[in-house]
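Here the structure is a predicted model, which is why all the values come from computation and not from measurement. Throughout, numbering of the chain's residues begins at 1 and tracks the sequence. Start at 1 and go down the list; that is how both ligands and their atoms are numbered.
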Amino acid sequence: MAVPLTTIRRWSMLAATLLVLGGTLAACGGSSGNSSGSSGASTKAAQSSSDASSSSSTTAAAGAGGSSTLAVSAVEKGEDSLGFSKRTLTARAGTVTIKMSNGGRDEYPHGIAIEGNGVDRDGQIVQPGNASSVTLKLKPGRYTFYCPVGEHEKYGMKGTLTVT
Ligand SMILES: [Cu+2]
């Protein structure tokens, strides 16, 4: 009699723990100040994937479509003249990653972000000598990639990502 009861308790404890874990994942993150909505929730899940404990539950399946990785570098011509090495990028629909390298001789921190068609996700902001990347599952359409630091987008750190 006691054995099945204990077993049931153990299972319900496990279920409760999983629920709490799931709730924590959804609640934390959000430092980038994105608007709410489904894309916001997935942003948070991806950002917390660095927690070892959550890696198994937050790994998104790639699903249909391919995956592509695009590379750009930050370009600094002056305090108010910034940019990326490319103004246009193209990718096939599916999982798209943009990796932005912030060169070791740069002066400012930079990051890479993608926005458009209901998605908006920021990669990390990194100091010179490091790379920032952002990964999103994208449908065909036009998106903007930009640097989320200060007014860098206004000073030229943006471009068009076309997904076909
Ligand atoms: Cu920047």
Side-chain angles (χ1 to χ4, degrees), residues 24-55 57-164:
T24 309
L25 283 177
C28 70
S31 58
S32 54
N34 289 334
S35 54
S36 58
S38 59
S39 67
S42 58
T43 302
K44 285 161 194 166
Q47 282 172 345
S48 50
S49 67
S50 53
D51 302 353
S53 62
S54 63
S55 58
S57 58
T58 55
T59 305
S67 64
S68 44
T69 300
L70 310 164
V72 296
S73 324
V75 176
E76 298 181 351
K77 292 176 196 150
E79 173 182 332
D80 55 3
S81 178
L82 303 168
F84 290 117
S85 54
K86 291 172 186 167
R87 298 221 114 220
T88 58
L89 293 171
T90 54
R92 301 293 298 270
T95 304
V96 179
T97 297
I98 303 179
K99 194 173 175 190
M100 189 276 309
S101 75
N102 190 7
R105 282 191 280 177
D106 285 351
E107 282 187 61
Y108 306 111
H110 296 294
I112 187 74
I114 298 175
E115 184 175 17
N117 301 310
V119 303
D120 184 1
R121 184 175 296 181
D122 295 1
Q124 331 77 295
I125 289 164
V126 296
Q127 297 300 321
N130 296 286
S132 171
S133 67
V134 61
T135 300
L136 273 175
K137 231 180 139 178
L138 298 178
K139 296 175 196 157
R142 279 184 135 213
Y143 301 82
T144 299
F145 63 94
Y146 65 98
C147 174
V149 175
E151 300 201 287
H152 290 194
E153 180 179 2
K154 191 173 115 187
Y155 292 142
M157 296 194 86
K158 67 170 171 180
T160 303
L161 166 65
T162 305
V163 176
T164 57

Full working for side chain to side chain contact (heavy atoms under 4.5 Å, CB included) between T88 and F145: CA-CA 9 Å; T88 58; F145 63 94; 5.9 Å; no

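With a cut-off of 2.8 Å, the Cu ion (ligand 1) has no N, O or S atom of Y108 in range.
Geometry note: the Cu ion (ligand 1) is the vertex, C147 SG and M157 SD are the arms, and the angle is 110° (rounded to 10 degrees).
Summary: ND1 is the N/O/S atom of H152 found nearest to the Cu ion (ligand 1). In H110, the N, O or S atom that comes nearest to the Cu ion (ligand 1) is ND1.
Under the side-chain contact (heavy atoms from CB on, under 4.5 Å) test applied with E76, the options H152, M157, H110, R105 reduce to a single match, H110.
Within the model, atoms CD1 of I98 and OG of S68 stand 9.0 Å from one another, a figure rounded to the nearest 0.5 Å. Interatomic distance, CG of N117 versus CG of L136, reported as 11.0 Å (0.5 Å rounding).
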